[in-house]
Amino acid sequence: MALNIKKTRNFGIIAHIDSGKTTVSERILYYTGKSHKIGEVHEGAATMDWMKEEQERGITITAAATSVKWNDHFMNIIDTPGHVDFTAEVERSCRVLDGAVVVFCSVGGVQAQSETVWRQADKYKVPRMVFINKMDRVGADYFKVVGQIEDRLGGTPVLLQYPKGGGDELEGIVDLVHEKYYTFEGDKGEDQVEHEIPDDEKEHAAELREQMIENIAQEHEELMEAYLEEGTLSLEQIQTGIRHGVYNYLFQPVLCGSALRNVGVQLLLDAVVDYLPDPESVHNMNQFALDDKLQENPIPTKPDDNAPLRALVFKVMTTPHGELSFVRVYQGSMKTGDQIYCPNQQKKERASRLIKLHAMNQTPIDEIGAGDICAIVGLKSAATGETICMENDQAILEGITFAEPVISMAIEPKSNEDKEKLANALAKMEREDPTFTRRIDEETGQLIIAGMGELHLEVLQHRLLDDFNVDATVGTPSVSYRESISKELQIRGKHVKQTGGSGQYGDATVKIRPMTEEERQTGEEFMFEDKIKGGAIPKEYIPAVAAGAKAELARGFVAGYPIIGVHITLIDGSYHDVDSSEMAFRAAGALAIRQGNPDLGVQLLEPWMKVEVETPEEFTGQVIGSLNSKRAIISETEARGPITNVRGETPLSEMFGYTTELRSLTQGRAAFSMEPGDYKPVPRSLVEKLSS
């Protein structure tokens, strides 16, 4: 049956760890009839946390997908991890979602990793709404969290609801759009009961509703005129204004509730239907393909089942049922058994089976159309971020960029029998997780794996044993350092070599400089700009100059770590009709970097992390002292009743084993979270140790 695209919502639930987003997902499954009982995260029974590691740790590790129906609408939902070590799951989900619900804890508010997921949604221009959860907790402060969204995230929150009461006295929710008050009754809150707004809330509700209408009207010219003429807006005008604001990233509607107490989740589902965009509405904001040869010439895509196929693989996952490739179809359609094509790999594929997933439960489908999400069984080569299309009509969709791994460790099989099994397992894990890499250390011959943090690598190690039946020994974690330049230089790299036959001739003059702050914000580690005039170097040789320079920078000069944050401009050069080649110009690019080394001011960098510790007030001094001993820079301490939040930055290398240390300092009562910050110069005293 063809998808009704106007009644489809593809959205994700994204948040900081421990904000309750998987609990929100479990309630959605229950109220939409997908689950007949509610699985609780703290009991290790959450439906969406299907992996053994997730159930044992009580956290989400891999993004889980499901499909549900609500009010005659079809929803594809992705529940994403909150822990920074699994940030790739949020990254790839944001790339393919049409909208997102960002969940915040009413006590914790905006935390370090909240900033990360918010930026990821900004990066991919994901329309979003906010759900402030855990309103039943002691210390819940709805309006304070709203203020933090504005101050710390740069968001524009517009309140559509507010809670009546809070903590143990949470009674219900006041709906400002419909001017109603709702309570949630029955064993599981399944009976949403509508009331008139209580007398003791009418004045406050009227003030907040007026403020909501003003915020909506000021972002829409026609509605502002109507508001100035009438002094208010109708329900239909308010809803039109909210949709306009969400679709165009002008503001974020704010809702509230307590998923654990079964309060407010049905209203959240209603808001998703009413205000998050359907695939057709959001499609033309940023969807286009590039031709398959030069990856240039933008080709608009359209959500039409009859157009040529354009789909993006956004996740590859090894499961007990085999390897699955999750795809979002932007244009065209695909049937079970279709022969398809991966232009990135230039390989033919076959969609052996198409399935819809509910966590790990599979439902076969015969066909998938534009705007829909499903998993394919049988793809062998297409990796995360790659396009699938038809061989006779090729194009490449914009891919996905991922953060570089920041921590590495040696790994080796415990027996010769495990050697080949380990290699195969790591290859599969690398294919499914773009933030996990492996390499052979040239000096020691050891196999090195790298990831986003201690927990990331620990989970991968456990998966080797549980999922792939491979027993392996790992070494001590080590930090992935980088190098950078601090000076600007113009230099010529001229590679001339004469052999018995034809010679080699490549001549390139380049300007090398550190990237600007604006350039760094793009996430690129190396930029190359071509400013050759008059054909001084033929066009086909210019990419070779860039490749040579990039390869030389990857070798490092101080301690053998890659040099990042470099902008190179090719400004001049010369060539020989016979002796010039791509190899010669690659050598010229490398030579320019090598010769410039002494004058570029190369320095060693280390990754710093933004750290946030939530501790009982009586341990604040010990926590700050501990962080200071780790070269931390404390930026803020904030008292929230009996709890103090300590925020700052610290080198990643100092944070290994901090979980155990913090538990010891605070009798197990404190918790901390981290997110990647920036690379900063390593103190001179440590450079000598790392360079030796």
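None of the values given here were measured: they were computed from a predicted structure.
- Contact check for Thr384 versus Glu432: no side-chain heavy atoms found under the 4.5 Å cut-off.
- Ion pairing between a basic and an acidic side chain is recognised when a charged N comes within 4.0 Å of a carboxylate O; Arg631 and Glu606 show such pairing.
- Residues Glu525 and Lys550 are not paired through a salt bridge, judged by the lack of any N-O separation under 4.0 Å between the basic side chain and the carboxylate.
- Scanning both residues, Lys356 and Ser67, for their nearest heavy atoms gives CD-OG, 3.6 Å.
- The side-chain heavy atoms of Val316 and Asp433, taken from C-beta on, include no pair separated by under 4.5 Å.
- Using a 4.5 Å heavy-atom cutoff, the side chains of Asp338 and Glu367 are not in contact.
- Rounding to the nearest 0.5 Å gives a distance of 4.0 Å between CD1 of Ile449 and CD1 of Ile411.
- Ring geometry for Phe436 versus His456: interplanar angle over 60°, hence perpendicular rather than tilted (30 to 60°).
- In this structure the side chain of Met609 never reaches within 4.5 angstrom of the side chain of Pro651, judged on heavy atoms.
- A distance of 3.5 Å separates CD1 of Ile368 from SG of Cys374, quoted to the nearest 0.5 Å.
- With values rounded to the nearest 0.5 angstrom, Asp466 atom CG is found 7.5 Å from His462 atom NE2.
- Separating the CD1 atom in Ile355 from the CG atom in Leu324 is a distance of 4.5 Å, to the nearest 0.5 Å.
- The residues Lys610 and Glu649 are annotated as not salt-bridged, no charged nitrogen and carboxylate oxygen being separated by less than 4.0 angstrom.
- Side chain of Lys630 to backbone of Met655: no donor-acceptor contact under 3.5 angstrom is found.
- Under the 3.5 Å distance criterion, the side-chain polar atoms of Asn133 are matched with a main-chain donor or acceptor of Ser19.
- The salt bridge (charged side-chain N to carboxylate O under 4.0 Å, His left out) search around Lys380 returns none, not counting sequence neighbours.
- Closest non-hydrogen pair, Ser114 versus Gly109, comes out as OG-O, 4.0 Å.
- The line from CG of Asp98 to CZ of Arg9 is 9.0 Å long, rounded to the nearest 0.5 Å.
- For the pair Arg152 and Trp118, the cation-pi criterion (under 6.0 Å, within 45° of the ring axis) is not fulfilled.
- A 4.5 Å side-chain heavy-atom check between Val110 and Phe104 finds at least one atom pair inside the cut-off.
- Contact check on Glu412 versus Lys419 returns no salt bridge, with no Lys/Arg side-chain nitrogen under 4.0 Å from an Asp/Glu carboxylate oxygen.
- Contact annotation: the side chain of Glu391 never approaches that of Ile340 to less than 4.5 Å [non-hydrogen atoms, C-beta and beyond].
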Exercise. For Glu349 and Ser381, run side chain to side chain donor-acceptor pair (under 3.5 Å): C-alpha distance rounded to whole Å, both residues' side-chain angles, the deciding distance at 0.1 Å, then the answer.
Key: CA-CA 8 Å; Glu349 295 270 23; Ser381 58; 2.5 Å; yes

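- Salt-bridge formation is not detected for the pair Asp418/Lys414: no Lys NZ or Arg NE/NH1/NH2 atom is positioned less than 4.0 Å from an Asp or Glu carboxylate oxygen.
- Taking the six-membered ring for Trp, Tyr658 and Phe672 have ring centres closer than 6.0 Å.
- Here the side chains of Leu604 and Tyr481 are in contact, with some heavy-atom distance below 4.5 Å.
- Side chain of Arg353 to main chain of Val377: no donor-acceptor pair is present (N/O by atom type, distance under 3.5 Å, no hydrogens or angles).
- Summarising the geometry of Tyr341 relative to Met390, their closest heavy-atom pair is CB-C, 4.1 Å, with the distance given to 0.1 Å.
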